[in-house]
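One structure is given below, encoded as structure tokens.
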Protein chains: 2
Amino acid sequence: MRSRSDVLETAILGLLKDSPLHGYELRKRLNLVLGSFRALSYGSLYPALKTLVTRGLIIGTESSEAPSAALAPALSGRRSRIVYELTAEGKEHLQQILAQAGPAAWEDENFDVRFALFGQTDVETRLRILEGRRTRLTERLEAVRESTTRSRARMDEYTWELQRHGLEQVEREVRWLDGLITAERDRGARPTGSANDHPVSRHHTTADGDRRPGTER
Amino acid sequence: MRSRSDVLETAILGLLKDSPLHGYELRKRLNLVLGSFRALSYGSLYPALKTLVTRGLIIGTESSEAPSAALAPALSGRRSRIVYELTAEGKEHLQQILAQAGPAAWEDENFDVRFALFGQTDVETRLRILEGRRTRLTERLEAVRESTTRSRARMDEYTWELQRHGLEQVEREVRWLDGLITAERDRGARPTGSANDHPVSRHHTTADGDRRPGTER
DNA sequence: GTTTTCATGTAACCCGTTACATGATTCA
DNA sequence: TGAATCATGTAACGGGTTACATGAAAAC
């Protein structure tokens, strides 16, 4: 029964893991990841949240006031909004999803979200997903190249150019993956990396201790 | 009433303009263009053909035998199939579509198909579409860059990397368009060019310089 | 005081895929 | 003889968007 697309579900759970959020804010973050630039509509988001609640993976608490916020000034009586956070089952479910390293993880629809959640995924899984995706893309490349050469004659210049450019983009994607893969291998080799590029600004306010080994940087 | 996506419709008409085809063959050609590598299902194609027929834009003729084929050997009694071709109204309608050079032509959903049909489009229209698309993409680039820099702090490294890579791909797309645009301008300048050349003969290897200041680091 | 942004939600619709049904023809 | 490919089609479903409805708070 479970086998749908689930991109949204994964993305929501993944984001809520870091910090509880309300729908409106959630959407903004979602748009940064989910299909890089496009806007997800509320018509999708709110129903999705609803079903996640009924499935017991998240709970929503109405809060008109910031519960314990003493840091940021000038936000007193905001409009009542529903802040969602993961339940225990939700966390478990997310871990289960993040542990999956099969084809589903590297297909077009899911890859981006899974990648965005690599921070919560252990190195071996990351590597398997990256490699899976790489193979997937090269396979596709091969298939297209083959069918292209066969029908090249019947193609006019513009169709051909479009095709060529598409292939080029995918090739570049493969090279991108190559870079990521070697980087991950390095990481695995010397686990306590000192060569961090930017501060990752860890401030997850929730008191949890279930960070899995190999997960963290 | 007419205002839907129409990608499929345009693609079908565009392909049939070149040569009459039956559904099965049509699909194969369609897949080369429409969303570069993905397979369009018959569940979409056949109904689409049906409505095009009822709208009088194409007609389908059942033909179990090759009508005038004397060139290729060994294809005698193929199974009865329906070969579709454009009607007069169909041709007119297609011309009308191909003349459109507004936003609709360069949006994500339509651009590829319109580009693939550039062979049936005049130079000025081609240029306007390419330029429109270019502007569209740079606008988007700008928007993403801006929203990115604002929320960069809250992004972990993987989300950031995904974002970065996405931007890079779009940047590359813009450069691709640049090449096409100058090629078209050349074409306009000396209309009867030498026969052999591709739309983009020059592929400038340098990742040259329109990096805008203030973007990052 | 009005417009913009924040905030939540529902109903209708659109465009596609999957799964199903059917059958002829070619190839191993 | 049985599998793969050619060939056409329909019904159910899926996952999203648009448009609509509502209203409070902030900015101008």
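Just so it is clear: chains get the letters A, B, ... in the order the sequence lines come, proteins before strands, and each one is counted from 1. Below, all heavy atoms of this structure are taken into account, side chains as well, without hydrogens, waters or symmetry copies. These numbers were taken from a predicted model, which means no experiment stands behind them.
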Quiz item: So do B:L30 and B:L15 actually touch side chain to side chain, heavy atoms under 4.5 Å?
Solution: yes
Quiz item: Which of the following nucleotides, D:dG9, D:dA7, C:dC6, is nearest to the side chain of A:K28?
Solution: C:dC6
Exercise. Would you mind reading off the distance between A:I82 atom CD1 and D:dG23 atom P, rounded to a whole angstrom?
Key: 16 Å
Quiz item: Do the non-hydrogen side-chain atoms of A:E92 and A:T87 ever get within less than 4.5 Å of each other?
Solution: no
Quiz item: Roughly, in whole Å, what's the span from CD in A:E109 to P in D:dG16?
Solution: 10 Å
Taking distance alone, no hydrogens or angles, what donor-acceptor pairs closer than 3.5 Å link side-chain atoms of residues 43-50 of chain A to residues at least two apart or in another chain?
unit_1	atom_1	unit_2	atom_2	d
A:S44	OG	A:S41	OG	3.3

Practice problem: Would you mind telling me which of D:dA7, C:dA7, C:dG9 lies closest to the side-chain atoms of B:R81? | Solution: D:dA7
Exercise. Could you list the residues that satisfy ring-ring contact (aromatic ring centres under 6.0 Å, His included) with A:H165, not counting sequence neighbours?
Key: B:W176
Exercise. Using the test side chain to side chain donor-acceptor pair (under 3.5 Å), find all partners of B:Q95 that sit at least two apart in sequence or belong to another chain.
Key: none
Quiz item: A:Y46 side chain: which of C:dA7, D:dG9, D:dT8 is closest?
Solution: C:dA7
Practice problem: Compute the angle between the rotation axes at the two ends of the helix from C:dG1-D:dC28 to C:dA28-D:dT1, each taken over five pairs, rounded to 10 degrees. | Solution: 40°
Quiz prompt | Separation of atom CG in B:L8 from atom P in C:dC15, rounded to whole Å | solution = 10 Å
Quiz item: When you check the phosphate oxygens OP1 and OP2 of D:dT8, does a side-chain N or O of B:K50 lie under 4.0 Å from one of them?
Solution: no
Self-check item: Separation of D:dT5 P from B:Y24 OH (nearest whole Å)
Solution: 8 Å
Quiz item: B:E107 has an atom CD; how far is it from atom P of C:dC15, in whole Å?
Solution: 15 Å
Practice problem: Could you tell me whether the side chain of B:D108 reaches within less than 4.5 Å of the side chain of B:R140, counting heavy atoms only? | Solution: yes
List, with names and distances, any nitrogen or oxygen atoms from the protein found under 3.5 Å away from nitrogen or oxygen atoms belonging to nucleotides 17-21 of chain D.
unit_1	atom_1	unit_2	atom_2	d
D:dT17	OP1	A:A39	O	3.1
D:dT17	OP2	A:S41	N	3.2
D:dT17	OP2	A:S41	OG	2.7
D:dT17	OP2	A:S44	OG	2.6

Exercise. State, yes or no, whether a side-chain contact exists between B:E139 and B:E142 at a heavy-atom distance under 4.5 Å.
Key: no
Quiz item: Within this structure, what is the CD-to-P distance between A:E62 and C:dT8, rounded to whole angstrom?
Solution: 9 Å
Exercise. Starting at atom OH of A:Y84, determine the distance to atom C1' of C:dT8, rounded to an integer number of angstrom.
Key: 8 Å
Practice problem: Quickly work out the B:H22 NE2 to C:dT25 C1' distance and round it to whole Å. | Solution: 13 Å
Exercise. Measure from NZ or CZ of B:R81 to the centre of the six-membered ring of B:Y24 and say whether it is under 6.0 Å with the direction within 45° of the ring axis.
Key: no
Exercise. Name all pairs fulfilling the ring pair (Phe, Tyr, Trp, His ring centres under 6.0 Å) condition that reach into residues 94-113 of chain B, sequence neighbours left out, sorted by first residue then second.
Key: B:F111-B:F115
